[in-house]
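The structure under discussion appears below in the form of structure tokens.
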Amino acid sequence: MRLRTRLVLMVGVSVSLGIVVVSAVLALLAWRSILAQAEAEGLAIARVLAQTAMVSEQVVAEVGALLDREMVAHGVLASHLADVADRAGLDDRALSRRLREITARSAIGELWVSDATGQVRAGSSDDPDVAERVATAAGLPETALARLLAGTRFAEPLGVSQPPLGGTPMRYVGVRGIDGARAVLVGRDQTYISKLNQTLGVQRLLDALVRDGTVAGLSVFDHDGRLVASSGGMTLTPDDAQLVQRVLSGAPSRTVKSGRWINVAAAMPDAYGVPVGVAFARLSTAPLDALIRNYVWVGGGTALVVLVAGLLLSVFLGRHIAAPMMRIADAAAAVDERSFVHGSLVAVARRRDELGHLARTFEVMAEQVLAREEDLERQVRERTQELQLKNEELDRAKRRLEADLELARLLQSTILPQAFPPDRHWSGTARMTPALQMAGDFYDYFTLDAHRLGLVIADVSGKGVAPAFFMAVSRSALQEAARYNEDPGACLTAANDRLCEQNPLDMFVTVFYAVIDERNGTVIYANGGHNRPYVVSADGQPTAVPLTGGVMLGVMPGLPYDSGTLTLQPGETLFLFTDGVSEAMNLTEQQFGESRLEAALSAAATLSVDDMLTAVTGAVQDFVGDAPQSDDITCLVVRYLGNRIEYAPRLPLQPA
Amino acid sequence: MEITSKIDGDLVQLNVSGSIDASTSPNVEQAVNAAIKGGRKRLIFDMRQVSYISSAGLRALLMAAKQAKAAGGGVAVFGLQSEVEEVFTISGFGKIVPIATSDADARAKLGA
């Protein structure tokens, strides 16, 4: 992941996390504050209700008292009127008429005047029944007038009476007569007070609050848990009842959220703070939900804005931080590609932070690296040039050496005798096939006198220039020794001593030297450690020439070399060879060996010496196949044809 | 090819195995040089495990013989396989380096 991406992710995740945590905390706080608010609202309502109830009760009581006083005044007046009527001798009918007139022109609804026993004497009604009791006419209990008639009270409120046959309830006040022999009853329509009570009372407040929408429902209970007033058509669940009960039993207030509602129960204190009841308010959670929704919207929106801003900021910061690093990375790549330009990091290096430090360090390092590389390259160039010169020199030397070697090879081949000396007593041929490296095989033949021919085949140990030289040395040593020593054994003895004298490299040479006499086919030979040649009869029977016990030449001076003798019959062939023939190896590292050589010789016995040689070397070549030739292959073949001079007279074509 | 040596006073027995040819003879020469430098002057070559010897191998033995002789000792070989013995016979090398029939015979031939 790229650094910039990581930075953006980091900021994004931390911002989101922060927003979630803050939102959760805010939501919790909001929830709690909303509940607290609901509870406070419930409490406020309860208090207001308590106050209102108290005030309206007082007002109604006050108004009632005022009315009662006004009614008492009317009663006193009516009492005086009745007394005046008595004194003026006015009859009861006239009094009733006066009373009727008073009620018609005032707020007083009824006026009754009784006699001393409480019987109706006059009344404001259309036709007062004198047989009736005043208490009965007002719908009051008979005892209501007892104290007035007894004269123990002057005036007394008598409460409200519901007329037995329906109609408006009446409020009554009784006044004792002036002379004490009667009671006056004043009645007034109670509807006014009831209306006032309704206007000022708790119920109206409850209805107003519910109508207002602040609360969904309100109920007021007295201190015994009895329902006093209720509004909003609420039905209380058992849980709600329990809530009310708990506040009644001492808790100041209680708030419970239940479904769509928040229920608040709060104690209603009187003027002295003593609980007189419980207000139960049911508030809708809609405002709460709206508030929460608001929080979510505002919070979510804010979060989104903050997140986007944070991401933008982190992208910007990421670019701000990553860009210099990318520039340093580019510079590193440039160093690797050798395209680093001095000063390409100046902008980053100028910074005062860690990146600036890194850039400065990197610049120094890059310059050092480049300088070192240049130095190395220069050195490599120099060394390459030197090497090239050396190589050219070596190449020249090698070519010179090769040319020299080629020349040496040519010379080596030219020092071998080219053509066999022509003689009718024998036919002979020789061939050396040199290996790739210069080696030391050689053959030689030379006439010793008119009848004898010297034959040499030799093999110098080792390969290379030194054996090649030693071969030349050996050849001349043998030729010289042959000139002074008739016997081949003596010749090898002399040659060995000579070679031991001038053999600083401890080389040695195997030599087979034979002297063949044309007159009788006698072959005197000496073998200095060379492989045994073959005598191949005319019918193809190969016989190895016995050893003479001689050691290779050049090993030790003073060694004796014995000679051996054999006689060639006419047609017999002497086949001399080096170990390049018998030890020729094929690819499976098998040697050609003596048995194969003998077979090849048998097969080629009837061929001319040239063809015989070709056949044998061909057999070797066939056997070797693709294996490289590791040693010189050298053969010398001489076939004795017989003494023609001796046989000449016997030839039929020979003239006698 | 492998060469192991067994030292006994001024005598060392070199057990050679494999072919002694142009490519392996330098190992023989090295072993011989080390033995001579270490004060050994009588060298015995155990040839029982040698299957082939070329002229380069013979030269290595010759050098060994010369060095040992110069040091006042000598060289002997024993346990020649038939092919190797034939090479010794043909080359006349047996006259330069005594061919013994056994370890003890070789020691006897070197006067040890």
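Reminder, nothing fancy here: chain letters follow the sequence lines and each chain counts from 1.
- No more than 12 heavy-atom neighbours from other residues, nucleotides or ligands sit within 6.0 angstrom of CZ on A:Phe469.
- Remark: B:Ala76 pairs with B:Ala106, B:Leu110 by the side chain to side chain contact (heavy atoms under 4.5 Å, CB included) rule, at least two apart or across chains.
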Report every donor-acceptor pair between chain A and chain B with a separation under 3.5 Å, backbone and side chains included.
| residue | atom | partner | partner atom | Å |
| --- | --- | --- | --- | --- |
| A:Leu505 | O | B:Arg59 | NH2 | 2.6 |
| A:Asp506 | O | B:Arg59 | NE | 3.1 |
| A:Asp506 | OD1 | B:Lys66 | NZ | 2.7 |
| A:Gly549 | O | B:Lys95 | NZ | 2.5 |
| A:Met552 | N | B:Ser91 | O | 3.1 |
| A:Val555 | O | B:Lys66 | NZ | 3.4 |
| A:Glu583 | OE1 | B:Tyr52 | OH | 3.1 |

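- A heavy-atom distance below 4.5 Å is not found between the side chains of A:Met556 and B:Leu62.
- Atom-to-atom distance recorded for B:Ile90:CD1 and A:Phe512:CZ is 12.5 Å, nearest 0.5 angstrom.
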